[in-house]
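Below, each value reflects all heavy atoms present in this structure, side chains not excepted, and no hydrogens, waters or symmetry copies. Numbers restart at 1 for each chain; the letters A, B, ... are given by sequence-line order, proteins then strands.
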There are 2 protein chains.
Amino acid sequence: MSTQGTHDRLVEATRELLWERGYVGTSPKAIQERAGAGQGSMYHHFKGKPDLALTAIARTAEELRGAAERALCGAGSAYERIEAYLTRERDVLRGCPVGRLTMDPDVVANDRLRAPVDETLHWLRDRLAKIVQEGLDQGEFAPGLDPDETAALLVATVQGGYVLARSSGSPAAFDMAVRGALALLHRRADRG
Amino acid sequence: MSTQGTHDRLVEATRELLWERGYVGTSPKAIQERAGAGQGSMYHHFKGKPDLALTAIARTAEELRGAAERALCGAGSAYERIEAYLTRERDVLRGCPVGRLTMDPDVVANDRLRAPVDETLHWLRDRLAKIVQEGLDQGEFAPGLDPDETAALLVATVQGGYVLARSSGSPAAFDMAVRGALALLHRRADRG
DNA sequence: GTCTATATCAGGATAGAC
DNA sequence: GTCTATCCTGATATAGAC
């Protein structure tokens with residue numbers, strides 16, 4: 001049983017708060033309270049809010065890639081793996097812990113904070129594009145489908161699905177958008 | 001020439017700041033500075049930050065519906081009107097002034113602030129669903145396409161496209177996602 | 001490593017003069 | 001209607017004791 005030290009508790013508290021309230025909405029005081037750590041403790045372990053946030057964002061990005069990869073690396077056709085990714089269990093109303101940071105002006109304005117966000121979304125698009133290409137190679141999708149465009153569409157569907165869900169206070173709209181994407185993709189598969 | 005009064009300048013300043021920095025990132029002081037108005041002036045015209053934000057959000061929502069309607073009500077096939085909407089001129093890196101509010105915890109937590117956001121996105125989905133239905137009625141799209149799911153997908157594509165663009169600091173990813181959506185939709189049109 | 005004390009500025013608003 | 005004064009709390013740290 002690895003007891004969680006103060007350092008890790010600060011990072012976990014920051015990860016939660018960044019997800020819930022974003023960077024501008026997260027104060028050092030709130031972090032300290034959630035982590036059960038004092039002022040001095042936080043400033044001993046981290047240089048300040050940006051430093052702590054960077055550590056938290058990097059950790060969250062890593063976890064997201066892991067979760068996505070688990071859905072994408074399974075057996076099955078390209079369509080099935082894409083479906084597995086799109087319909088994987090999510091806490092839809094919480095939104096994407098990485099994507100939401102793009103709406104944070106202080107994150108976008110800071111290259112060091114934006115980098116892990118950008119890298120994660122690019123990794124995801126590349127990963128999906130490769131799967132689309134596999135589907136193309138297997139004759140699963142009709143030729144002419146652009147892997148990069150399709151991958152961007154799929155990631156955008158998920159990110160935008162969160163927006164629809166949060167605006168209505170219900171996950172239903174997220175699911176509709178995903179079904180809309182899968183339906184268009186699936187019909188194409190029928191032709192192959 | 002209608003001279004803009006203090007009331008309107010406060011609303012305009014708030015609209016800009018909400019777009020740039022969101023609700024939690026926008027302070028009364030910043031609003032006053034941008035509007036060139038004093039403390040007392042602001043609290044004379046509005047009860048406080050939520051009141052002013054509500055007025056600003058309602059105004060922004062109205063403008064967005066107008067801009068969307070202008071793209072959607074044109075002549076042309078259903079596909080062409082959808083294409084006109086997706087590719088209409090946008091300041092992509094600024095994101096959606098309505099959709100971005102869904103990432104704001106204080107907006108989502110306040111039913112009065114969330115309502116205009118939800119209504120706008122629902123209006124847009126309904127509007128697009130009707131156009132998809134028209135395309136279906138004209139035999140433009142293959143039967144079996146679900147208008148509501150497709151509409152949700154299209155709105156999600158735009159909202160998610162902003163996320164991709166802002167994370168990379170370039171509008172390119174937005175355009176890719178849109179082309180991905182149009183390509184899938186277009187191939188379907190070929191079958192009709 | 002953690003604590004408490006202290007500092008400065010901003011957030012969000014009210015009171016009352018003009 | 002607009003201004004200035006004032007209020008209290010929170011944001012974001014630094015200093016130095018323990």
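E33(B) places its CD atom 10 Å from the C1' atom of dA10(C), with the value rounded to the nearest Å. Atom NZ in K29(A) sits about 18 Å away from atom P in dA10(C), given to the nearest Å. Atom CD in Q32(B) sits about 18 Å away from atom P in dG1(D), given to the nearest Å. Between the CD1 atom of I31(B) and the P atom of dA10(C) there is a distance of 16 Å, rounded to whole Å. Across the protein-nucleic acid pair, F46(A) atom CZ and dT12(D) atom C1' stand 16 Å apart, rounded to whole Å.
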Exercise for review: Using a 4.0 Å cut-off on protein heavy atoms (strictly under), produce a 5'-to-3' string for nucleotides 13-18 of chain C with B for base contact, S for backbone-only sugar-phosphate contact, and - for none.
Suggested key: BB----

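A156(A) and G161(B) get closest at one heavy-atom pair: CB-N, 3.7 Å.
Listed candidates were dA11(D), dT2(C), dG11(C). Nearest to the side chain of S27(B) is dG11(C).
For the pair H45(B) and dT2(D), the criterion of a side-chain N or O lying under 4.0 Å from OP1 or OP2 is met.
In terms of the salt bridge (charged side-chain N to carboxylate O under 4.0 Å, His left out) criterion, D137(B) has no residue partners (sequence neighbours excluded). With sequence neighbours left out, the side-chain contact (heavy atoms from CB on, under 4.5 Å) criterion links D8(B) to Q4(B).
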Do any side-chain atoms of residues 10-18 of chain B form donor-acceptor pairs under 3.5 angstrom with protein atoms, and if so which ones, sequence neighbours left out?
| from | atom 1 | to | atom 2 | distance (Å) |
| --- | --- | --- | --- | --- |
| E12(B) | OE1 | R15(B) | NH2 | 3.2 |
| E12(B) | OE2 | R15(B) | NE | 3.4 |
| T14(B) | OG1 | L10(B) | O | 2.7 |
| R15(B) | NH1 | T60(B) | OG1 | 3.0 |
| R15(B) | NH2 | E63(B) | OE2 | 3.3 |
| E16(B) | OE1 | R34(B) | NH1 | 2.9 |

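Applying the side chain to side chain donor-acceptor pair (under 3.5 Å) rule to pairs touching residues 86-104 of chain A yields R90(A)-Y162(A), sequence neighbours excluded. Listed by first and then second residue, the salt bridge (charged side-chain N to carboxylate O under 4.0 Å, His left out) pairs that reach into residues 143-168 of chain A are E149(A)-R179(B), sequence neighbours excluded. Pairs engaging residues 118-131 of chain B under the salt bridge (charged side-chain N to carboxylate O under 4.0 Å, His left out) rule: E69(B)-R127(B) [sequence neighbours left out]. Within the structure, side chain to side chain donor-acceptor pair (under 3.5 Å) contacts touching residues 40-55 of chain A (residues at least two apart or in different chains) do not occur.
Residues of residues 6-24 of chain A having a heavy atom closer than 4.0 Å to DNA chain C, listed by number: T6(A).
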